[in-house]
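Below is one structure, written out as structure tokens; comments come after it.
By convention here, the first residue in the shown sequence is residue 1. All values below were derived from every heavy atom in this structure, side-chain atoms included, with hydrogens, water molecules and symmetry-related copies excluded.
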Amino acid sequence: MHCCVCDITLLLAALAALLIILLLIVAHVTAKKMPNLHRLEEEKYFTDSKGKTEPFPSIHDPPTKDLSVVVPSYNEEERLPVMMDEAMEYLEQRQKKQPSFSYEVIVVDDGSRDKTTEVALRYCKKYSSDKVRVLTLKKNRGKGGAVRMGVLVARGKLILMADADGATKFADIKNVEVGLEKLKPWPEKMAISCGSRAHLEKESIAQRSVFRTFLMYGFHFLVWFLCVRSVRDTQCGFKLLTREAATRTFSALHVDRWAFDVELLYIAQCLNIPVTEVAVNWTEIEGSKLVPFWSWLQMGRDLLFIRMRYLTGAWKIDTSGKLN
């Protein structure tokens with residue numbers, strides 16, 4: 001009987017090892033070796049407030065603004081105006097109080113099928129294309145791909161990622177700015193401050209079903225076990241990066257979908273870029289594009305593949321300039 005149990009245990013261990021090897025092979029073979037930084041010709045230009053076409057700048061150019069706000073948007077014609085009204089009111093008021101402060105908002109339409117671009121262009125006409133620019137992607141890339149395309153044309157010394165649903169109060173940019181300041185001196189001018197909803201976890205658990213709570217804890221465990229251990233809430237869409245940190249991380253980013261935040265922070269972790277987590281106010285807004293079960297399943301797969309692809313060398317990070 002004892003030998004039989006040992007044989008079964010050894011068989012299961014062998015099968016598990018075989019499964020891991022197969023997953024590593026699949027992850028390696030199916031990986032696109034280079035980040036998708038390609039833009040179609042039309043995506044290299046924006047329309048100014050007078051209807052004239054102008055070329056976007058590059059993240060590799062010297063900064064000309066204090067702050068760039070990148071807003072990934074997919075079918076957001078209804079929710080975008082609320083977020084934009086709040087953001088523009090805050091930014092305009094800040095500029096009045098601090099005339100030297102300069103900013104831009106880049107709305108990235110991620111291949112929407114509705115009037116997201118038209119809605120965003122209204123703000124361009126109202127505030128000028130120097131303050132609001134619209135990047136319309138011809139095909140849907142996913143949230144990570146949309147954020148990356150926006151970051152790569154940003155002009156700011158600091159770059160803020162902000163979701164189009166306005167779930168995070170825009171005024172909480174002060175919180176993530178303070179968090180970034182506390183990381184000084186920034187090594188090679190690189191640092192990241194992440195907005196976090198971790199302090200709201202107990203309240204959210206009380207409102208969630210047991211199944212959704214199980215999925216949430218399972219995802220958090222996978223993030224901690226496979227990729228990132230220094231940030232509790234990797235998925236909050238409110239992150240502030242220095243221009244140098246954004247250039248380094250987004251140029252190396254492969255994941256285009258929901259798990260891109262995890263890879264972003266994993267890259268930062270590998271490069272020893274300082275990262276902090278700061279509490280922000282957050283409200284769940286109706287109209288989420290996440291389908292609970294399937295989205296969590298996709299993110300779980302992406303997490304596993306992120307780790308495996310870096311482990312097997314399918315994806316590589318240039319650590320020649322790694323911070324000590």
I'd like to know if [X] pairs up with [Y] as an ion pair, taking the criterion as any Lys NZ or Arg NE/NH1/NH2 lying under 4.0 Å from an Asp or Glu carboxylate oxygen.
X	Y	value
D130	R155	yes
E43	R141	yes
E177	R94	yes
E181	K184	yes
K143	D261	no
E104	K65	no

Any donor-acceptor pair under 3.5 Å linking the side chain of [X] with the backbone of [Y]?
X	Y	result
R122	P81	no
D48	G51	yes
S102	D66	yes
D172	N281	yes
D110	A146	no
S49	S128	no
K239	C236	yes
R133	I106	no

Below 4.5 Å, heavy atoms only, C-beta onward: do [X] and [Y] meet side chain to side chain?
X	Y	answer
F101	L67	yes
L265	C227	no
K182	T276	no
F250	V147	yes
R113	N75	yes
R232	W224	no
Y266	L226	no
T47	C124	no

Please report the closest heavy-atom contact between [X] and [Y], naming both atoms and the distance.
X	Y	answer
Q235	F219	CG-CE2, 3.6 Å
V107	A120	CG1-CB, 3.8 Å
R148	P35	NH1-CB, 4.5 Å
I192	L183	O-CD1, 3.6 Å
T249	I273	CG2-CD1, 3.9 Å
T247	H60	CG2-CE1, 3.7 Å

- Message: Within a 6.0 Å radius of atom CZ on F225, are there more than 12 heavy atoms belonging to other residues, nucleotides or ligands?
- Response: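 Result for CZ/F225: open.
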- Item | Crowding at CD, E86 (>12 non-hydrogen neighbours, <6.0 Å) |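 Result for CD/E86: enclosed.
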Out of curiosity, does [Y] fall in the hydrophobic cluster containing [X] (side-chain heavy atoms, cut-off under 4.5 Å, transitive links)?
X	Y	value
F260	V228	yes
V231	L253	yes
L241	V262	yes
V178	L158	no
Y45	L135	no

- Task: Quick one: sort the F170 and F238 rings into parallel, tilted or perpendicular, breaks at 30° and 60°.
- Result: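 Rings of F170 and F238: perpendicular, as their planes differ by over 60°.
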- Please lay out, stage by stage, how Y74 and N140 fare under the test side-chain contact (heavy atoms from CB on, under 4.5 Å). CA-CA 8 Å; Y74 177 65; N140 177 262; 3.4 Å; yes
- Give the intermediate values and the outcome of side-chain contact (heavy atoms from CB on, under 4.5 Å) for residues K131 and L91. CA-CA 10 Å; K131 290 184 175 179; L91 292 167; over 6 Å; no
- Just checking, is any N or O donor in the side chain of S73 or T116 under 3.5 Å from an acceptor N or O on the other one?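 The answer is no; no qualifying pair exists.
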- Message: Looking only at the side chains, is there a donor atom on one of Y103 and E92 sitting less than 3.5 Å from an acceptor on the other?
- Response: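 Indeed, the side chains of Y103 and E92 share at least one donor-acceptor pair under 3.5 Å.
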- Worked check of side-chain contact (heavy atoms from CB on, under 4.5 Å) between Y310 and H254: CA-CA 11 Å; Y310 280 113; H254 296 82; 3.6 Å; yes
- Task: Take V132 and M84, measure what side-chain contact (heavy atoms from CB on, under 4.5 Å) needs, and give me the verdict at the end.
- Result: CA-CA 10 Å; V132 180; M84 286 294 290; 4.2 Å; yes
